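Since the model is a prediction, treat every value here as computed from it, not as a measurement.
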Amino acid sequence: MNTYRSGWTLRRRVLALLAVVGVLLVGLAVAEAVVAAKNRAYTDALLTRTGPLRVQGQEMLNALLDQETGIRGYAVSGNRADLAPYEQGLQQERDVAATITTLSHDYPAVAGALRTAQQQADAWRRTVAEPVIATTGTSGTAAGQALITAQARQQFDQIRTSVGDLQTTILAEREKGARDIERTGNMLVMLLIVAAVVVVLAGTLMLLSLERMVIRPLTGLAQQVREVAAGDYQHHIAGTGPPEFRRLADDVDVMRQKIAKDLAEVRAARENIEWVNSQLQKQAEELTRSNRDLEQFAYVASHDLQEPLRKVASFCQLLQRRYAGQLDERADQYIAFAVDGAQRMQRLINDLLAFSRIGRLTTGFVDVDLNRVMGDVASQTEPGRQYADAELTWGELPVIRGEEPLLTNLLVNLVSNSVKFRRPDVTPKVRVSARLVDAEWEITCQDNGIGIEPEFADKIFVIFQRLHAKDAYPGTGIGLAIVKKIVEYHGGRVWVDTDQTEGTAIRFTLPARPEDVEAAKAAAEAGPAAADEDATATPDGDATTMTSDGDATTMTSDDDASLPAEETPVPAGDPEPADRPTPVGRQPDGTQDEDPPGGPPGQGTTGGTKERVG
């Protein structure tokens with residue numbers, strides 16, 4: 001900062017220049033005002049004093065001539081009437097003398113010449129005019145004319161000379177006033193010229209200063225900035241000129257350094273991203289190869305592995321049927337173990353194939369009515385629900401974009417899971433509902449089963465993660481993993497509601513169609529009443545109830561649906577044809593419903609406790 005204080009700032013320089021120019025212009029303005037005042041005074045004097053004085057001088061001479069004429073006429077005629085010009089001239093002389101005295105206040109020479117003329121006029125009247133008048137009146141005209149001698153005429157000529165001197169003096173004063181007017185006018189013009197020169201010099205100096213202190217430094221700074229903008233980020237920006245511009249150049253250079261540093265970081269990041277992209281490309285190639293291997297494995301698993309497993313299972317079952325009771329009890333047990341292992345291996349392979357095909361073998365998304373899907377789910381889970389005397393209900397469900405087979409498999413897994421993990425001596429109830437949350441449908445499958453501990457809420461969606469031993473609840477432990485993969489494939493998420501005090505509530509989201517979102521917004525804007533009517537899933541809405549007596553359907557309120565099965569009026573009978581094969585619902589862990597006919601699985605082993613990881 002000390003370097004910036006070594007010179008005058010641009011503001012200080014401009015203010016100094018303006019101050020100097022202002023002082024000069026103010027001084028010139030004051031001088032012009034003074035000169036203009038003098039010029040005006042001289043002009044006033046010329047117009048109101050010296051001009052009238054000249055006229056009054058001529059009037060003075062006329063008055064004196066009238067007096068002489070009157071004396072001469074009276075001396076010739078002796079008539080008193082001929083003295084009128086003399087008396088009028090005398091009065092006019094006095095008036096003119098008074099006027100000249102008033103106007104010649106600032107002109108002592110004029111006043112002196114006037115006094116001289118008056119004195120000679122008084123002497124002429126005493127020595128000539130008055131004696132002529134008296135002699136003519138007493139002695140006659142001849143005596144009066146005798147007094148008008150050459151000497152008297154010379155004496156009057158002196159008066160004329162004095163009046164001429166008066167006029168000459170007045171003319172001299174008038175010329176002097178005219179010269180003063182001319183001089184002050186010239187001086188005023190000179191001052192105006194000087195002011196114009198000062199303005200021109202100040203403007204020229206201002207332009208030169210701007211060129212040197214503003215335009216040139218800014219042009220140099222702009223040139224350096226353009227060089228940096230062209231890509232030379234290592235170019236040091238140096239400022240010239242006033243301290244403000246040098247400070248600006250330093251600030252721009254600091255910005256350049258920061259930009260150069262950021263660009264270096266960006267280049268490094270880009271190189272890193274390119275390297276990461278190359279690694280990702282390699283990984284993508286590896287994934288492609290791995291997918292090919294997986295497809296090959298799926299093909300082998302679905303063809304090559306199934307054949308020996310079928311042979312092992314078939315021959316073990318033949319051994320079991322043909323030699324049952326012929327061998328000892330341990331041999332029968334070994335054969336049963338072999339049959340069970342082969343069957344579980346078949347189920348495990350089938351479930352792994354189903355899990356691997358999700359999202360890979362696709363038929364494309366279409367509009368799927370979940371109400372129709374729930375009808376298929378009810379048909380597929382009917383055997384398990386009949387065995388467990390379970391009740392399945394669902395509210396009004398939405399239409400979404402998805403793959404109907406996958407969504408059917410999703411809901412079949414959830415419903416079968418709810419029926420499977422039931423509490424002893426409690427009628428299983430499964431409820432499927434939906435509600436619109438923002439731009440997603442939140443679908444809930446809730447039951448009154450044994451429930452899930454909160455610490456295991458995330459583990460149940462991991463493949464092969466079982467919460468019970470296979471002898472308590474049979475299955476491969478892949479069902480909920482399939483559920484999660486189907487939900488994520490459709491752009492949603494799935495979780496366990498850990499706030500439930502009884503049973504289990506598994507919730508998952510699916511993207512809503514834009515028209516459904518717009519309809520919900522319109523209903524919300526229309527008012528609470530309209531919103532209640534348009535809601536697709538409310539606690540008081542109609543529900544479809546599927547009981548263990550078959551695929552009978554009853555439209556009931558949620559209050560009725562929450563009653564035990566024996567309290568809900570349901571028509572009995574199986575509407576399906578007798579020759580139609582009964583579909584077997586797949587359990588959520590990937591197994592078929594294998595509940596033994598003798599009672600619910602795990603009877604007496606789990607009681608009312610919640611599931612725990614074994």
*Please step through side-chain contact (heavy atoms from CB on, under 4.5 Å) for the pair Thr509 and Val437, ending with a clear verdict.*
CA-CA 9 Å; Thr509 61; Val437 179; over 6 Å; no

*asked:* side-chain contact (heavy atoms from CB on, under 4.5 Å), that's the test. Do Val483 and Phe508 meet it? Break it down for me.
replied: CA-CA 9 Å; Val483 167; Phe508 62 93; 5.7 Å; no

*Output, in order, the C-alpha distance, side-chain angles, deciding distance and verdict of side-chain contact (heavy atoms from CB on, under 4.5 Å) for Lys521 and Val517.*
CA-CA 6 Å; Lys521 289 182 179 179; Val517 177; 3.9 Å; yes

*Hey, mind stepping through Val228 and Ile237 against side-chain contact (heavy atoms from CB on, under 4.5 Å) and telling me if it holds?*
CA-CA 9 Å; Val228 174; Ile237 297 177; 3.9 Å; yes

*Does the pair Lys485 and Glu488 meet the rule for a salt bridge (Lys or Arg N to Asp or Glu O under 4.0 Å), with working shown?*
CA-CA 5 Å; Lys485 191 169 183 180; Glu488 291 178 348; over 6 Å; no

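The aromatic rings of His490 and Phe365 lie parallel to each other, with less than 30° between the two planes, well short of the 60° mark.
Between Asn409 and Asn413, the side chains place a donor N or O and an acceptor N or O closer than 3.5 Å (distance only, hydrogens not considered).
At a threshold of 4.5 Å between non-hydrogen side-chain atoms, the residues Asp367 and Arg401 count as touching. A 4.5 Å side-chain heavy-atom check between Leu397 and Val432 finds at least one atom pair inside the cut-off. When side chains are defined from C-beta on, Asp497 does not count as touching Gln446, because their heavy atoms never get closer than 4.5 Å. Side-chain contact between Trp394 and Leu370 is absent, with no heavy atoms from C-beta onward closer than 4.5 Å. Contact check for Val373 versus Leu411: side-chain heavy atoms found under the 4.5 Å cut-off.
Electrostatic pairing of Asp447 and Arg431 does not count as a salt bridge here, judged by no charged N lying under 4.0 Å from a carboxylate O. Looking at Lys282 and Glu285, no side-chain N of the basic residue comes within less than 4.0 Å of a carboxylate O on the acidic one, giving no salt bridge. A salt bridge links Glu286 to Arg289: at least one charged side-chain nitrogen sits closer than 4.0 Å to a carboxylate oxygen.
Between Ala238 and Ala249, the shortest heavy-atom contact is C-CB, 4.0 Å. Across all their heavy atoms, Cys445 and Val415 have their closest contact at SG-N, 4.3 Å. Shortest non-hydrogen contact noted between Pro428 and Arg422 is CG-CD, 3.4 Å. What you find for Asn448 and Val426 is that their closest heavy atoms are ND2-CG1, 3.7 Å. Taking every heavy atom of both residues into account, Arg513 and Val399 meet most closely at NE-O, 3.4 Å. Between Asn371 and Glu396, the shortest heavy-atom contact is ND2-OE2, 3.4 Å.
In this structure, the separation between NZ on Lys484 and CD1 on Ile506 is 12.5 Å, given to the nearest 0.5 Å. With values rounded to the nearest 0.5 angstrom, Leu480 atom CG is found 7.0 Å from Leu414 atom CG. Distance CG/Leu407 to CG/Asp369: 11.0 Å, rounded to 0.5 Å. In this structure, the separation between CG on Leu436 and CG on Asp438 is 8.0 Å, given to the nearest 0.5 Å. Rounded to the nearest 0.5 Å, atoms NZ (Lys429) and OG (Ser418) are 14.0 Å apart. Atom CG of Leu410 and atom CD of Glu403 lie 12.5 Å apart (nearest 0.5 Å).
Judged as a side-chain contact (heavy atoms from CB on, under 4.5 Å), and not counting sequence neighbours, the contacts of Ile273 are Asn277. Under the side-chain hydrogen bond (donor to acceptor under 3.5 Å, both in side chains) criterion, Glu442 pairs with Arg435, not counting sequence neighbours. By the salt bridge (Lys or Arg N to Asp or Glu O under 4.0 Å) test, Arg372 is found to be paired with Glu404, residues two or more places apart in sequence or in another chain being considered. Residues satisfying the side-chain hydrogen bond (donor to acceptor under 3.5 Å, both in side chains) criterion with Asp253, sequence neighbours excluded, are His236, Arg256, Gln257. With sequence neighbours excluded, no residue satisfies side-chain hydrogen bond (donor to acceptor under 3.5 Å, both in side chains) with Glu518.
Contacts classified as side-chain hydrogen bond (donor to acceptor under 3.5 Å, both in side chains) and involving residues 261-273 (residues at least two apart or in different chains) are given here: Lys258-Asp262.
Distance alone, capped at 3.5 Å, is enough to place a donor-acceptor pair between the Arg385 side chain and the Ala378 backbone.
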